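Read the structure below first, then the notes.
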Amino acid sequence: MKILVANIGSTSLKWRLFDCSNNAERLLHKGGFESVTDYPKAIEDCLAQLRDAKAIASESELAAVGFKTVIAKNVTGCVRLDDKVLAAMEAYKGLAPAHNPAYITGIRLFAQRMPSVPLIGLFETAFYQFAPEAMMRYAVPDSWFAAGIRRWGFHGASHKFIAERSAELLGRQDVAARARQLYLDGGKSPVKGAPLRTISCHLGGTSSITGILSGVAIGCSLGMSPQSGLPHNNRVGDLDSEALPYATKALGITIEEAQRQLTKESGLKGLSGLSNDIREILTAAENGNARARLAIDVYVANARHWIGSYFLELNGIDTLVFTAGIGENRADIRAAICANLDHLGIILDAEKNKATRAVEAVISAENSRVKIMVIPTNEELVVARETKRLLENSPK
Ligand code: ADP
């Protein structure tokens, strides 16, 4: 069973083709185009590359195309992308202006190009649909809630991958199976042993932290939009709701300009005044640049804030996982986040931590109650897996 996973940006198309026959999960091809101006041509060129590589003979070999869709009104989980779902994505395009319009256009083009291939979306919000309501609500009037103003949580594919993989690595096949079944039975399958309590830290260009109880998310640092939570590369993260109207008056700027500055000139870039890439900021901090040091300190303090929140909610944790660009590659950031938590049972092995880059590894000390792990994420594989499960469980 060949499943193409397409990642659609407003000017980019990236793909991975998986063979998910039987129990195999083989990556057959990956590629992509940046600066796309002619999307139908980009889709054509993608199919040509797949044929040239002999990964497929024609698109009729594709069991489905899967998409990591972001958010839709009253729709989440893993679903077929029919006109109703596209209309629901359209209804919430204001919540994900960088993503929803591009996906809607791209999905329509795929539908025109290959009308008989099922198109399936795994929404980034899906992983949070079973989280306790108290963890997902803002204290706003009901009309605001009805308009979609609540915590949704994002990075669901990545955190779900971590939920499954960390359970497997800890020998908890019961929890891994429960996480795998999540969108079919709503997390109802039983846990055989003690509950497994996990905090997943996806630290990258966009960063988020999620608490997970036996494979099911209990909350996410990303709220109504991917603008919130920790500081991101050039986006602000959490901000007091009064700051926006205040800034327009105090700085004499329009609300649109304030929004632009909060999305393009803030986060690590705004704090450091240097760069949105943590590698450059860390180098500057090591060379004595005070703003760069502060940017790192704010980032680390925010990560600890969210870890602390889920640690309390979960009544302690069994495992703390780092993933994505920063989480997989930066031992110094992992060390700063885990510093001085021995009373909570979180103790890094400094040498193992330093030696670990972008590979699966346990980096906690022997006497650490909490297993600290690095697990490279694989969001596209989760899209392929969920797409396959949907095809097998509801063939039409
Ligand atoms: P995104 O959230 O956009 O998918 P990534 O997970 O790729 O992003 O993370 C991007 C960030 O991770 C970069 O801004 C950079 O700070 C950091 N990063 C990525 N690759 C590396 C690396 N090899 N070494 C150190 N830091 C890295």
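Order of listing sets the numbers, starting from 1, for every ligand and every atom in it. All figures in this text were calculated on a predicted structure; none of them were measured in a lab.
- In the model, Asp277 has no side-chain atom that pairs as donor or acceptor with a side-chain atom of Ser275 under 3.5 Å.
- Each side chain to side chain donor-acceptor pair (under 3.5 Å) pair with one or both residues in residues 7-18, not counting sequence neighbours, appears once here: Trp15-His29.
- Applying the side chain to side chain donor-acceptor pair (under 3.5 Å) test to residues at least two apart or on different chains, the pairs with a partner in residues 146-175 are His155-Ser208, Ser158-His202, Ser158-Thr377, His159-Ser200, His159-Ser208, His159-Thr210, Lys160-Glu164, Lys160-Glu386, Glu164-Arg385, Arg165-Glu168, Arg165-Glu360, Glu168-Arg180, Arg172-Asp174.
- Sequence neighbours left out, the pairs with a member in residues 235-256 that pass side chain to side chain donor-acceptor pair (under 3.5 Å) are Thr206-Arg235.
- For ligand 1, the protein residues within 4.0 angstrom (heavy atoms only) are Gly204, Gly205, Thr206, Asn276, Asp277, Ile278, Arg279, Ala324, Gly325, Ile326, Asn329, Arg330, Arg357.
- Screening Glu265, Gln259, Glu257 against Gln261 for a side-chain hydrogen bond (donor to acceptor under 3.5 Å, both in side chains) leaves a single residue, Glu257.
- Under a cut-off of 6.0 angstrom, the local environment of CD in Glu313 is sparse, with at most 12 non-hydrogen atoms contributed by other residues, nucleotides or ligands.
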